[in-house]
Amino acid sequence: MRSNRNSPYYQNLIQCVLDNSEADIWESAVLEWEVYDCEEDETLESSCICGKESLRYLFTIRNALNGNMLYPIGSSCIRKFERDDLDEEVAVKEQLFKLLHAIENNDFLRLSSDFFSRKLLLYLLDLGAFSPTTYNHFNPEEDYQFMLDMFNKGSRRTLKQDKKATAIILGSIRPFLREMLRNKIR
């Protein structure tokens with residue numbers, strides 16, 4: 001799915017990326033970039049480097065070759081890089097904010113695709129969101145594996161399994177997300 005390269009927003013994006021890259025052609029320049037950070041603007045008052053207004057998710061991308069940073073850049077512009085690895089990372093970071101809001105709003109959370117994904121669970125493990133406790137024999141990977149197994153099991157979980165998943169969400173994931181994202185929401 002190629003975007004309209006003639007749109008002014010796309011042209012602004014291309015120029016900005018090329019100006020901050022080592023490569024001088026788009027197809028090579030996009031390979032130099034990685035997602036560095038993400039914030040959320042609940043007021044939707046921020047504008048992308050391309051000029052598009054009303055961004056919710058404000059990404060910072062970093063050029064791995066020269067250290068240049070671009071901020072704020074929206075997820076739709078990052079998707080124009082046409083790189084699956086960046087697309088997946090953008091999706092996971094947006095999911096983190098959605099999950100935190102659901103937790104903060106006391107929404108009824110089930111371990112389902114409404115708030116979770118296999119990639120998100122792995123990302124949470126990699127970041128250290130699962131706490132070592134006596135319940136997991138001080139091995140956070142046990143909680144991750146349990147959550148992954150229960151996610152894969154779907155609606156065939158028992159009440160006891162659902163309660164344990166909820167306990168992990170509220171006892172480990174919630175405090176981790178609160179701490180991790182506390183300065184990332186405006």
Side-chain angles (χ1 to χ4, degrees), residues 33-48 54-62 69-79 81 83-155 157-186:
W33 295 88
E34 60 195 13
V35 174
Y36 182 77
D37 199 8
C38 181
E39 299 174 351
E40 182 181 25
D41 179 358
E42 292 183 308
T43 65
L44 306 178
E45 293 177 355
S46 298
S47 297
C48 181
S54 304
L55 293 184
R56 173 170 292 276
Y57 300 106
L58 314 173
F59 288 89
T60 302
I61 59 174
R62 181 184 169 276
M69 303 267 208
L70 293 177
Y71 171 87
I73 183 168
S75 53
S76 62
C77 278
I78 294 174
R79 287 186 190 95
F81 285 40
R83 286 183 39 200
D84 291 342
D85 60 327
L86 293 182
D87 292 349
E88 289 173 7
E89 191 166 355
V90 163
V92 165
K93 289 192 182 296
E94 289 178 356
Q95 265 187 307
L96 288 174
F97 285 101
K98 291 174 184 170
L99 178 58
L100 178 64
H101 291 308
I103 290 169
E104 296 297 333
N105 292 334
N106 292 319
D107 292 348
F108 178 70
L109 283 182
R110 289 187 49 89
L111 184 59
S112 69
S113 58
D114 292 341
F115 297 105
F116 292 92
S117 67
R118 290 171 190 84
K119 289 186 188 311
L120 178 63
L121 290 171
L122 181 58
Y123 189 73
L124 288 169
L125 174 67
D126 290 345
L127 291 176
F130 297 101
S131 304
T133 66
T134 55
Y135 298 109
N136 62 21
H137 307 101
F138 298 98
N139 181 359
E141 287 192 24
E142 281 189 25
D143 283 348
Y144 161 73
Q145 192 60 54
F146 173 80
M147 295 293 277
L148 182 61
D149 292 345
M150 293 304 104
F151 182 81
N152 290 334
K153 201 171 190 179
S155 62
R157 293 187 299 265
T158 66
L159 181 59
K160 185 177 178 181
Q161 290 169 329
D162 270 341
K163 285 183 177 183
K164 181 176 177 181
T166 299
I168 292 170
I169 292 168
L170 297 179
S172 292
I173 296 173
R174 176 177 61 184
F176 177 82
L177 288 178
R178 280 181 172 161
E179 179 62 25
M180 179 186 160
L181 301 176
R182 73 182 158 123
N183 296 323
K184 306 270 184 198
I185 300 174
R186 309 182 199 179

Using every non-hydrogen atom in the two residues, find where [X] and [Y] come nearest and quote the distance to one decimal.
{"X": "Pro140", "Y": "Phe130", "result": "CB-O, 3.1 Å"}
{"X": "Pro72", "Y": "Ser47", "result": "CG-O, 3.0 Å"}
{"X": "Ala165", "Y": "Leu111", "result": "CB-CD2, 4.3 Å"}
{"X": "Phe151", "Y": "Ser113", "result": "CE1-N, 3.8 Å"}
{"X": "Ser75", "Y": "Val90", "result": "CB-CG1, 3.4 Å"}
{"X": "Leu170", "Y": "Pro175", "result": "O-CD, 3.4 Å"}

- [ ] Run the numbers on Ile169 and Phe115 for side-chain contact (heavy atoms from CB on, under 4.5 Å), then give the verdict.
- [x] CA-CA 11 Å; Ile169 292 168; Phe115 297 105; over 6 Å; no

Taking atom [atom1] of [X] and atom [atom2] of [Y], what is their separation to the nearest 0.5 Å?
{"X": "Leu122", "Y": "Leu148", "atom1": "CG", "atom2": "CG", "result": "8.5 Å"}
{"X": "Ile78", "Y": "Tyr57", "atom1": "CD1", "atom2": "OH", "result": "13.0 Å"}
{"X": "Tyr123", "Y": "Ser117", "atom1": "OH", "atom2": "OG", "result": "11.5 Å"}
{"X": "Tyr144", "Y": "Asn136", "atom1": "OH", "atom2": "CG", "result": "14.5 Å"}
{"X": "Asp126", "Y": "Lys119", "atom1": "CG", "atom2": "NZ", "result": "11.5 Å"}
{"X": "Leu120", "Y": "Arg118", "atom1": "CG", "atom2": "CZ", "result": "12.0 Å"}

Task: Partners passing side-chain hydrogen bond (donor to acceptor under 3.5 Å, both in side chains) against Gln161 (at least two apart in sequence or in another chain) - done: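 For Gln161 the side-chain hydrogen bond (donor to acceptor under 3.5 Å, both in side chains) partners, ignoring immediate neighbours, are Lys153, Thr158.
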
Task: salt bridge (Lys or Arg N to Asp or Glu O under 4.0 Å) partners of residues 168-182, not counting sequence neighbours, each pair once - done: Glu104-Arg178, Glu179-Arg182

Would you mind reporting whether [Y] and [X] have side-chain heavy atoms less than 4.5 Å apart?
{"X": "Leu86", "Y": "Ile61", "result": "no"}
{"X": "Phe116", "Y": "Ile173", "result": "yes"}
{"X": "Leu124", "Y": "Leu96", "result": "yes"}
{"X": "Asp37", "Y": "Tyr71", "result": "no"}

TODO: Report the C-alpha distance between Phe59 and Glu94 in whole Å, list the side-chain angles of each, state the deciding distance to 0.1 Å, and finish with yes or no for side-chain contact (heavy atoms from CB on, under 4.5 Å).
DONE: CA-CA 10 Å; Phe59 288 89; Glu94 289 178 356; 4.0 Å; yes

- [ ] For a side chain to side chain contact (heavy atoms under 4.5 Å, CB included) with Leu125, tell me which candidate from Gln145, Met147, Glu141 qualifies.
- [x] Glu141

TODO: Measure from NZ or CZ of Lys164 to the centre of the six-membered ring of Phe146, then state whether that distance is under 6.0 Å and the direction lies within 45° of the axis.
DONE: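 Yes, cation above the ring, under 6.0 Å and within 45°.
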
Open item on the list: Holding to salt bridge (Lys or Arg N to Asp or Glu O under 4.0 Å), I want the full list of residues that pass it with Asp162, two or more places apart in sequence or in another chain.
Closed with: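 Once residues adjacent in sequence are excluded, the partners of Asp162 under the salt bridge (Lys or Arg N to Asp or Glu O under 4.0 Å) criterion are Arg110, Arg157.
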
Open item on the list: Tell me if the OH atom of Tyr135 is crowded by more than 12 foreign heavy atoms within 6.0 Å.
Closed with: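 Count not over threshold, so no.
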
